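Worksheet: the structure to be examined is printed underneath.
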Amino acid sequence: MTLDHRLSPEHEELRRTVEAFAHDVVAPKIGDFYERHAFPYDIVREMGRMGLFGLPFPEEHGGMGGDYLALCLALEELARVDSSVAITLEAGVSLGAMPIHRFGTEEQKRRWLPRLCRGEILGAFGLTEPDFGSDAGGTRTTAVRDGGEWVINGTKSFITNSGTDITGLVTVTAVTGRKPDGAPLISTFIVPAGTPGLTVAPAYSKVGWNASDTRELHFAGVRVPADSLLGEEGRGYAQFLRILDEGRIAISALATGLAQGCVDESVAYARTRTAFGRPIGANQAIQFKLADMAARAHTARVAWRDAASRLLAGEPFKKEAAIAKLHSSDVAVTNAREATQIHGGYGFMNEYPVARMWRDAKILEIGEGTSEVQRMLISRELGLSDLAAAG
């Protein structure tokens with residue numbers, strides 16, 4: 001048996017459809033949104049009408065009946081043009097809606113998934129806290145049972161899609177008790193937007209992803225019904241680890257798209273930009289840069305598709321997802337730097353897409369698990385964690 005990462009006719013049709021949408025609809029408009037730090041509601045609505053927010057969900061809950069590969073293909077094509085739009089889709093699907101699909105009750109699915117799948121509302125994922133980023137086990141937010149309600153107190157930071165006009169909910173991790181050894185029992189709750197006590201802070205001033213929404217959330221005596229518990233009480237941490245494993249494949253696809261977009265823009269520029277009487281693409285130094293950029297984007301694509309194929313086959317994929325995320329984020333940063341260099345002074349001008357890609361790339365080595373965390377996960381899967389414990 002040989003590995004074959006070629007796409008089925010259905011997946012290829014989807015890829016081409018999103019590619020056309022990205023170039024025809026997103027590319028001409030997104031630069032203006034980006035420079036104004038404005039959320040592109042019209043583009044997001046169109047993505048909803050296309051069914052992109054429902055790609056991996058079953059039709060019975062309003063989805064398109066596709067799979068996680070379909071979502072990742074859409075993310076890669078969007079990110080070839082713009083990462084703000086891509087991360088809005090990624091966070092809305094793999095972080096906002098997916099926990100409800102994976103762990104929700106039938107009533108929770110019926111209530112939330114149809115509107116999430118249509119893109120009428122966006123879901124957010126409340127995990128990171130000001131003092132605890134990679135160490136999600138250090139969660140300080142608490143939820144205390146009070147009769148038929150849970151009372152939530154705490155703060156979440158760097159939360160995507162949390163303060164838009166169409167944000168519908170945030171899923172929040174909170175400590176609901178302690179194990180015999182004192183370790184926290186973490187549970188997950190669905191908190192609808194507008195719930196009293198939930199305060200949405202002003203949008204962050206960010207280096208990149210400027211057309212996406214990222215904010216801090218404050219929970220002060222937020223009361224939600226008992227049936228807002230998502231999944232089993234005390235299993236929230238394990239649930240979100242599963243969501244993050246899947247999300248790393250999605251982020252890898254997004255990073256691959258950015259890396260490929262850098263190739264696309266740089267090849268086009270090298271063909272038209274002249275210096276010393278000929279196109280700069282005629283120079284072997286530029287050709288070799290572009291060859292290396294194309295090779296990096298290709299290997300990143302192979303990595304995330306391998307991880308996705310394992311996920312879809314029901315096989316273990318944690319290590320492969322971490323490898324894909326680690327490699328593709330590094331590739332995105334490197335290709336963005338090289339693309340800026342090829343563009344010279346114009347690469348430092350915001351009118352050129354590579355300037356936006358350069359600003360957007362770095363967060364890919366941080367969000368949804370830093371590169372250091374990916375290396376920890378990979379080494380653990382290699383069976384080396386016992387050596388660290390012995391030391």
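The structure displayed is predicted, hence computed values, not measured ones. Keep in mind that the numbers below use all heavy atoms, side chains included, and drop hydrogens, waters and symmetry copies.
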Would you say that V333 contacts D330 through its side chain, given a criterion of any heavy-atom pair below 4.5 Å between the two side chains?
no
message = Taking V25 as the starting point, is it possible to reach V44 by hopping between hydrophobic residues whose side chains are less than 4.5 Å apart?
response = yes
### Message
If only side-chain N and O atoms count, and only distance matters, is there a donor-acceptor pair under 3.5 Å linking S212 with K206?
### Response
yes
| task | Please confirm whether the backbone N or O of A285 pairs with a side-chain atom of N283, one donor and one acceptor, at under 3.5 Å? | result | no
**OP:** Please check if the side chain of K325 supplies one atom and the backbone of L364 the other of a donor-acceptor pair under 3.5 Å.
**Re:** yes
Hits for ring pair (Phe, Tyr, Trp, His ring centres under 6.0 Å) against F57, two or more places apart or cross-chain, chain-then-number order -> H101
Sorted by chain and number, sequence neighbours left out, salt bridge (Lys or Arg N to Asp or Glu O under 4.0 Å) with E120 holds for R115, R118
Check whether any side-chain heavy atom of L71 lies under 4.5 Å from a side-chain heavy atom of L89, and answer yes or no.
yes
When every non-hydrogen atom of I378 is compared with those of A322, the smallest separation belongs to CG1-CB, 3.7 Å
Worksheet item: Does CD in Q341 sit with more than 12 non-hydrogen atoms of other residues, nucleotides or ligands closer than 6.0 Å?
Response: no
Test item: R359 and N350 side chains (from C-beta on) under 4.5 Å apart, heavy atoms = yes
Rounded to the nearest 0.5 angstrom, the CG-OH distance for L241 and Y237 is 5.0 Å
Do side-chain atoms of T334 reach the backbone of V331 as a donor and acceptor pair under 3.5 angstrom?
no
**Study point:** Pair D245 + R242: basic N to acidic O under 4.0 Å
**Key:** no
Can you tell me if S252 uses its side chain to pair, donor with acceptor, with the backbone of A324 under 3.5 Å? yes
**OP:** Just say parallel, tilted or perpendicular for the rings of Y352 and Y269, cut-offs at 30° and 60°.
**Re:** perpendicular
| Backbone of D227 reached by a side-chain donor or acceptor of Q108 within 3.5 Å | yes
Validation row: R140, V175 side chains within 4.5 angstrom (heavy atoms)
no
Interatomic distance, OH@Y41 vs CG@D165, rounded to 0.5 Å, equals 3.5 Å
Open item on the list: Does L73 form a side chain to side chain contact (heavy atoms under 4.5 Å, CB included) with L7? I'd like the steps, not just the answer.
Closed with: CA-CA 10 Å; L73 290 170; L7 300 177; 3.9 Å; yes
query = For M98 and Y68, what are the C-alpha separation, side-chain angles and deciding distance, and is it a side chain to side chain contact (heavy atoms under 4.5 Å, CB included)?
reply = CA-CA 10 Å; M98 191 60 71; Y68 212 80; 3.8 Å; yes
Heavy-atom closest pair (Q260 atom, A297 atom, distance to 0.1 Å) is OE1-CB, 3.6 Å
Practice item. Kindly indicate whether the side chain of E106, heavy atoms from C-beta on, has any atom under 4.5 Å from the side chain of H61. Key: yes
Counting C-beta onward and ignoring hydrogens, is there a side-chain heavy-atom pair between T176 and W150 closer than 4.5 Å?
yes
In this structure, OG1 of T340 is separated from CG of N335 (nearest 0.5 Å) by 10.5 Å
Please confirm whether the backbone N or O of V200 pairs with a side-chain atom of E216, one donor and one acceptor, at under 3.5 Å? no
With the side chain counted from C-beta on, respond yes when F219 and N153 share a heavy-atom pair under 4.5 Å apart, and no when they do not.
no
query: Is E149 paired with R223 through a side-chain N to carboxylate O contact shorter than 4.0 Å?
result: yes
With V222 as partner, the option from I152, T141, V151 fulfilling side chain to side chain contact (heavy atoms under 4.5 Å, CB included) is I152
Does H343 reach the main-chain N or O of A339 with its side chain, forming a donor-acceptor pair under 3.5 Å? yes
Heavy atoms of A124 and I159 approach each other most closely as CB-CG2, 3.8 Å
In terms of heavy-atom contacts, F53 and V93 come closest through O-CG2, 3.5 Å
### Query
Would a hydrophobic clustering, with Ile, Leu, Val, Met, Phe, Trp and Tyr connected at side-chain separations under 4.5 Å, put Y346 with L290?
yes
* **Residues D360, Y34; criterion side chain to side chain contact (heavy atoms under 4.5 Å, CB included); working and verdict** => CA-CA 11 Å; D360 290 341; Y34 196 93; 2.7 Å; yes
So CD1 of I251 and OG1 of T256: to nearest 0.5 Å the spacing works out to 11.0 Å
Mark yes or no for whether S187, through its side chain, and G236, through its backbone, hold a donor-acceptor pair below 3.5 Å. no
Main-chain N/O of T167 paired with T164 side-chain donor or acceptor, under 3.5 Å:
yes
Given the options N210, L75, L258, T88, S83 meets side chain to side chain contact (heavy atoms under 4.5 Å, CB included) only with L258
* **Derivation and outcome, salt bridge (charged side-chain N to carboxylate O under 4.0 Å, His left out), residues E12 and R16** => CA-CA 6 Å; E12 177 60 20; R16 289 182 179 274; 2.9 Å; yes
For residues 73-91, the salt bridge (charged side-chain N to carboxylate O under 4.0 Å, His left out) pairs (sequence neighbours left out) are R15-E77, E19-R80, E76-R301, E77-R80, R80-D264, D82-R356
Notebook entry, point to check: With the 4.5 Å side-chain cut-off for hydrophobic clustering, are I243 and L122 part of the same group?
Noted result: yes
*asked:* Tell me if a side-chain donor or acceptor on R145 pairs with a main-chain N or O of G147 at a distance below 3.5 Å.
replied: yes
Quiz item: With the 4.5 Å side-chain cut-off for hydrophobic clustering, are F125 and V170 part of the same group?
Solution: no
Check: Above 12 or not: heavy atoms from other molecules or residues under 6.0 Å from CD of E315?
Finding: yes
Open item on the list: If hydrophobic clusters are built by linking Ile, Leu, Val, Met, Phe, Trp and Tyr wherever their side-chain heavy atoms come under 4.5 Å apart, do L244 and F158 end up in the same one?
Closed with: no
Output, in order, the C-alpha distance, side-chain angles, deciding distance and verdict of salt bridge (charged side-chain N to carboxylate O under 4.0 Å, His left out) for E46 and R49.
CA-CA 5 Å; E46 183 62 26; R49 286 192 288 268; 2.7 Å; yes
| said: Within the 4.5 Å heavy-atom criterion, are R111 and P192 side-chain neighbours or not? | reply: yes
dist H327:NE2 -> R296:CZ (nearest 0.5 Å) comes out at 9.0 Å
Geometric cation-pi criterion, R36 with F33: 6.0 Å, 45°:
yes
The reported gap from OG in S157 to CZ in R215 (rounded to nearest 0.5 angstrom) is 14.5 Å
query = E368 and L254: side chain to side chain contact (heavy atoms under 4.5 Å, CB included), yes or no, with the steps?
reply = CA-CA 12 Å; E368 293 199 37; L254 191 158; over 6 Å; no
Residues A332 and A255: closest non-hydrogen pair is CB-O, 3.7 Å
* How far apart are the C-alpha atoms of E338 and S266, what are their side-chain angles, what is the distance that settles it, and do they pass the side-chain hydrogen bond (donor to acceptor under 3.5 Å, both in side chains) test? -> CA-CA 9 Å; E338 294 287 54; S266 297; over 6 Å; no
On a heavy-atom basis, the closest approach of A86 and L78 is CB-CB, 4.0 Å
